[in-house]
Structures are given as structure tokens and as C-alpha cells.
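Down below is the structure, laid out as C-alpha cells.
First the proteins, then the strands, lettered A, B, ... as listed; each starts at 1.
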There are 2 protein chains.
Amino acid sequence: MQDGRGDRQQPSPWAPAAQRDEQRTLKREAVLLTAVRSFNRHGFHATSLEQVAEALNITKPTIYYYFSSKDEILFECARRGLERIREVAAARRAPEETGLQRLTAIMRDYAIIMTEDFGQCVIRIGDHELSEASRQKQRALKREIDQTVRTVIEAGIRDGSIVDRDVRLLTFTITGALNWIAKWYEPGGRYPPEAVAEQCVGLLVDGLAPRAGSEGSPAGCPGQPESA
Amino acid sequence: MQDGRGDRQQPSPWAPAAQRDEQRTLKREAVLLTAVRSFNRHGFHATSLEQVAEALNITKPTIYYYFSSKDEILFECARRGLERIREVAAARRAPEETGLQRLTAIMRDYAIIMTEDFGQCVIRIGDHELSEASRQKQRALKREIDQTVRTVIEAGIRDGSIVDRDVRLLTFTITGALNWIAKWYEPGGRYPPEAVAEQCVGLLVDGLAPRAGSEGSPAGCPGQPESA
DNA sequence: CGGTGAATCTACCCGCGAGTATAGAATCGA
DNA sequence: TCGATTCTATACTCGCGGGTAGATTCACCG
């Protein structure tokens with residue numbers, strides 16, 4: 001991972017500089033993971049950094065050696081969750097498939113992210129817990145994701161694979177159903193993440209009312225594309 | 001003050017006792033309403049009772065004259081929201097209609113409650129903000145609602161008006177989509193509550209994929225009841 | 001070994017907000 | 001008009017937790 005820096009070809013036996021950096025990264029990571037799990041389980045305010053430190057066998061000032069504030073920790077957790085979503089959403093931007101097919105793929109990945117630590121954090125922690133600055137940054141990330149999803153939905157409406165409804169409300173309803181997974185899902189419970197994703201997406205695509213013809217979702221027979 | 005309570009038929013001219021009680025109730029109400037709005041807007045922890053008091057042109061001790069703790073205020077707010085949901089859910093328990101018809105009615109009312117102050121409070125305020133005791137009571141209320149909804153869904157699956165899927169996941173997905181309204185809805189925005197409810201429920205019933213036959217929701221032509 | 005810097009700890013500060021003690025103002029009953 | 005009660009305000013306590021100052025330990029390098 002040499003980025004500009006430290007590219008000195010000097011093969012000193014057991015280069016310690018890189019090790020140091022790696023150690024630091026590893027420890028930051030450990031703090032983040034412990035923190036996000038506590039945030040998710042007990043809530044942000046109910047989690048003191050002392051508790052996090054204790055769980056890591058260190059003390060509070062050590063955490064402040066790696067992070068500048070509790071807000072930074074929370075934001076970094078949320079950022080990772082959002083980053084993951086952004087990736088899967090962006091991965092399906094290319095229009096080789098129908099809008100519904102692309103949206104279905106995004107929804108499925110989205111649902112699974114909601115069962116992960118950093119993904120849950122995005123939903124479980126309220127906006128008001130972040131500082132004003134962090135909240136703004138978070139909003140920007142969310143908007144970007146929202147925009148991507150919306151674009152896919154619009155494409156689906158145009159090609160006839162998605163029902164013609166208000167795009168904004170469509171997006172809210174879908175993301176709501178999926179976001180909610182983060183609230184009730186518990187690892188090791190009766191449903192594996194894939195099953196959750198499968199079922200939720202299936203319901204959103206097919207609807208509550210039984211379809212006349214087939215049983216399964218019409219993923220293979222979308223409305224005929226009629227790109228103007 | 002005999003707690004057999006105040007049933008003395010004595011019609012004293014302009015019974016002041018009743019007026020007193022009414023005044024007290026009115027003021028409690030005002031505190032609750034101001035508090036819940038601030039909770040919803042700024043979050044529970046970011047709302048101090050001093051702020052609430054200031055908004056009411058009173059001081060903090062006055063609030064404590066009407067409530068015993070901040071937790072009691074929050075719980076009372078949430079309780080009202082849940083109570084409203086419980087009512088609408090229970091109202092549609094009788095099986096004169098198909099399961100889907102009953103569920104649709106519940107969902108619609110549920111969605112509208114999510115646009116109201118106390119309804120929003122139930123969703124926007126995390127479980128961890130309540131005291132242990134209050135949280136337990138809240139859970140009980142939520143479970144009761146959940147159970148009612150689930151029963152309706154099961155009836156719908158039996159009579160064929162609702163797709164045969166895992167009831168638990170079905171419930172989570174539906175409530176998730178509807179609960180999320182509380183997060184993004186803003187009064188005076190572009191969508192009136194009825195429109196929100198209409199669209200969300202419509203999508204959940206019909207699904208994202210266009211239906212072959214009709215355009216609208218098949219509210220009038222549910223799957224033929226086939227009660228064994 | 002002795003110095004240098006990274007990493008961690010002990011011991012503290014400090015502000016905020018929930019909750020309270022208590023006194024004073026208004027209201028009512030006689 | 002005089003208590004008694006209801007209601008509200010002033011002025012406080014107090015604990016919790018975010019954040020910091022400064023000492024200390026340790027690892028490596030010369």
C-alpha cells in the first residue's frame with residue numbers, strides 16, 4: 001500500500017516503520033469495532049468511552065490518542081456503513097439490465113449491509129447524535145446514495161420494469177423497509193442475512209397481493225423495455 | 001383526600017375541584033406536546049427540560065410539579081403514540097373482510113399516525129433512551145400491536161388474499177416501510193399524510209413489478225377466499 | 001548505555017443538565 | 001381578613017462523562 005510515502009527501497013531487515021503504521025491502523029480498527037458494537041447495542045449516549053476502553057483493556061486517554069473525539073469515532077463508523085452502501089449502489093449503475101433487475105440487486109446488497117455492524121450503525125444512531133459538521137457530511141453521503149437509487153428507479157419506470165409511481169415516495173418506502181432490518185436483525189438469530197434479504201426484496205418486488213399468473217418474482221420476465 | 005374519590009354528589013356552584021383538575025390536565029398536556037415536538041426535532045438527549053420550560057414560559061421546577069422525571073415524560077409520549085396504533089389495529093380485528101382488506105386499512109391508519117407528533121416519537125426516539133422499567137412497558141405494548149397485525153396477516157394468508165410468506169418477515173418489512181415515514185415526513189411538506197399513506201400502502205400491496213392485468217391495486221378483487 | 005519518540009497511564013478539570021430544597025405568590029374556604 | 005393549599009420561581013446540589021495535562025513506560029537506534 002505504498003502511497004507516495006515511505007517508498008525507500010531500503011530493505012532494512014524487518015522494516016519497523018511500516019509495522020508501526022500497521023499497528024496503529026489495527027488498533028484504530030479495534031477501537032472502531034468495539035465502539036460501533038456498543039453503540040448499536042446500548043445506544044450512543046449510553047456508551048461511554050470508558051466502557052469502550054475497558055472492553056479493549058486500555059484506558060480512555062489511549063482512545064484519545066487514536067481519535068480526537070467521540071464524535072469522530074461515531075462519524076467514522078457511520079461513514080463506513082454508508083461507504084459500503086455507496087459501493088453496491090454504484091456497482092449497478094450501468095444499464096445493461098432493466099431498472100428492476102438493477103434495483104433488485106442493489107436492494108439485496110443493501111439489506112445484507114443492514115445486518116452488519118457498520119451498516120446497522122447508520123440506522124440505529126440518530127442524526128442528532130452527530131455534531132453539526134459531521135451531520136452535514138453524513139447528509140451529503142446519504143443524498144448521494146439516494147440519488148443513485150432514484151436514478152435506477154427512474155430508469156426502471158422508463159423501461160416499464162417498475163410501476164409508475166412517485167419516485168421519491170417509492171424510494172422512501174423501499175429504503176424504509178430495508179433500513180428497518182438494522183433495527184430488528186440480530187446475528188445468530190433464526191434468519192441468516194441472505195434469507196432476510198431474499199424475503200424483504202421479494203415482498204417489495206411482488207407485493208402483498210398474490211399475483212395472478214406465476215408464483216415467484218418476475219425477475220426473468222420484466223415489462224418489455226420500451227426506451228423512448 | 002379520600003381516594004374512593006371525589007364522587008360526592010354535592011353540586012357546589014361552579015365546582016372548582018373539577019376546574020382545577022381540568023387545568024392540571026391541560027397543563028400536563030401542554031408540557032407533553034411541547035416536549036414531544038422538541039424530542040422529535042432535536043432528539044431526546046439534545047432536549048433539556050429547561051428548553052421545554054422556556055418554550056412554555058415557565059421554569060423547570062414547574063415541569064417537575066406535573067411530572068416526576070424526564071423519563072416519565074418520554075414514556076407518556078411514546079405510550080400515546082402506541083395507544084393510537086393499538087386502537088386502529090384492534091379496530092380491524094373482526095373478520096368480515098379478507099385479511100388483505102383489513103391489513104390495508106390498518107396500514108393506512110398506521111401510516112398516518114406516523115406523521116403525527118406522538119406517532120413519530122415512537123420511532124424517532126430509540127429504545128435506549130427510556131429507563132429499563134419504561135422500556136419493558138413499551139415492549140409489551142409493541143408486542144401486542146405486533147401480535148394483532150400478525151394475526152391479521154395470518155388470516156390473509158389463509159384466505160388467500162395475502163401471499164404465502166414468512167409472517168414474521170412480512171410483518172417486519174411492512175412495519176419498517178411504514179415506520180420509516182416517521183423519519184422523513186415533515187408537516188407542511190409536499191405530501192399530505194393521506195397521500196403518503198396511499199402511496200406507501202399501494203406499493204406494499206402491489207409491489208414494484210407492474211401487474212399484468214389491472215393498473216390499480218386489487219382492493220376490490222382479492223384472491224378468492226377459500227376458507228377450509 | 002543513554003537518548004528519542006511513540007504509546008499508555010494516573011489524576012484531574014469542567015460543563016451540562018437532571019433533579020431538589022425552599023421560599024414566595026396566588027387562590028380558595030371560612 | 002386569616003389560614004391552608006396550590007402553584008411557580010430562585011437558587012442550589014450532584015454525578016456523569018467528555019476531554020486534557022503531564023508523568024511514565026517501552027522500544028528502538030546510535
Side-chain angles (χ1 to χ4, degrees), chain A residues 6 8 10 12-31 34-35 38-39 42-76 128-134, chain B residues 1-2 6 8 10-31 34-35 38-39 42-76 128-131 133-134:
Chain A
R8 44 193 65 212
Q10 195 56 23
S12 77
W14 282 103
Q19 273 187 319
R20 284 286 178 74
D21 277 10
E22 193 178 349
Q23 279 299 308
R24 184 177 177 86
T25 303
L26 242 52
K27 287 177 181 170
R28 262 183 75 101
E29 218 63 23
V31 170
T34 304
S38 189
F39 292 163
H42 309 294
F44 178 68
H45 279 284
T47 298
S48 76
L49 291 189
E50 243 133 5
Q51 291 168 28
V52 175
E54 195 179 4
L56 288 162
N57 296 317
I58 57 178
T59 56
K60 188 170 55 161
T62 301
I63 291 182
Y64 279 93
Y65 181 72
Y66 292 97
F67 296 91
S68 70
S69 68
K70 197 184 180 188
D71 179 71
E72 187 192 341
I73 295 176
L74 177 57
F75 177 72
E76 180 61 22
H128 308 294
E129 329 250 30
L130 282 165
S131 71
E132 185 56 36
S134 300
Chain B
M1 53 178 76
Q2 80 309 0
R8 44 192 60 210
Q10 194 54 22
S12 77
W14 280 104
Q19 273 186 321
R20 283 287 178 76
D21 277 9
E22 192 178 351
Q23 279 299 308
R24 184 177 176 86
T25 302
L26 243 53
K27 287 178 182 170
R28 262 184 75 101
E29 218 63 25
V31 170
T34 304
S38 188
F39 292 163
H42 308 296
F44 179 68
H45 279 284
T47 299
S48 77
L49 292 189
E50 243 132 5
Q51 291 168 28
V52 175
E54 195 179 4
L56 289 162
N57 296 316
I58 57 177
T59 57
K60 188 169 55 160
T62 302
I63 291 182
Y64 278 93
Y65 181 73
Y66 293 97
F67 296 91
S68 71
S69 68
K70 197 183 179 188
D71 178 71
E72 186 192 341
I73 296 176
L74 177 57
F75 176 72
E76 180 61 23
H128 307 294
E129 330 250 30
L130 283 166
S131 70
S134 301

Using atom [atom1] of [X] as one end and atom [atom2] of [N] as the other, report the distance to the nearest whole Å.
{"X": "H42(B)", "N": "dG17(C)", "atom1": "NE2", "atom2": "P", "value": "13 Å"}
{"X": "K60(A)", "N": "dA7(C)", "atom1": "NZ", "atom2": "C1'", "value": "18 Å"}
{"X": "L49(B)", "N": "dG19(C)", "atom1": "CG", "atom2": "P", "value": "7 Å"}
{"X": "K27(B)", "N": "dC7(D)", "atom1": "NZ", "atom2": "P", "value": "7 Å"}
{"X": "H45(A)", "N": "dG18(D)", "atom1": "NE2", "atom2": "C1'", "value": "12 Å"}
{"X": "Y64(A)", "N": "dT8(C)", "atom1": "OH", "atom2": "C1'", "value": "16 Å"}
{"X": "L74(A)", "N": "dG19(D)", "atom1": "CG", "atom2": "C1'", "value": "17 Å"}
{"X": "E54(B)", "N": "dT10(D)", "atom1": "CD", "atom2": "P", "value": "12 Å"}

Just checking Y66(B): base, sugar-phosphate only, or nothing, at a heavy-atom cut-off of under 4.0 Å?
-> sugar-phosphate
Quick one: label T47(A) by what it contacts on the DNA or RNA (base, sugar-phosphate, nothing), any heavy atom closer than 4.0 Å.
->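 Touches sugar-phosphate only.
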Considering only heavy atoms from C-beta outward, does the side chain of F39(A) approach that of H128(B) to under 4.5 Å?
-> no
Close side-chain approach of L49(B) to Y64(B), heavy-atom, < 4.5 Å =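 When only atoms from C-beta onward are counted, Y64(B) and L49(B) do touch, with a gap below 4.5 Å.
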Under 4.0 Å: is that the gap between some side-chain N or O of T62(A) and OP1 or OP2 of dC9(C)?
->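 The answer is yes; a side-chain N or O of T62(A) sits under 4.0 Å from OP1 or OP2.
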dC9(C) phosphate, OP1 or OP2, under 4.0 Å from T59(A) side-chain N/O |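 Yes, because at least one side-chain N or O of T59(A) sits under 4.0 Å from OP1 or OP2 of dC9(C).
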DNA chain D: E50(B) or I58(B), which has the more 5' nearest nucleotide?
-> I58(B)
If you pin R24(B) and S48(A) to their nearest nucleotides in DNA chain D, which one's is more 5'?
->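 Nearest nucleotide further toward 5': that of R24(B).
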So, does T47(A) use its side chain to make a donor-acceptor pair with the main chain of S38(A) at under 3.5 Å?
->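 A pair under 3.5 Å: yes.
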For the side chain of K60(B) and the backbone of S48(B), is there at least one donor-acceptor N/O pair under 3.5 Å apart?
-> no
Partners of S69(B) by side chain to side chain contact (heavy atoms under 4.5 Å, CB included), sequence neighbours excluded?
->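 Applying side chain to side chain contact (heavy atoms under 4.5 Å, CB included) to S69(B) gives D71(B), E72(B).
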Y65(B) side-chain proximity, nearest of dT8(D), dA11(D), dT8(C) |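 Of dT8(D), dA11(D), dT8(C), dT8(D) is nearest to the side chain of Y65(B).
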Check: K70(B) side chain, dG17(C) base, donor-acceptor under 3.5 Å | no
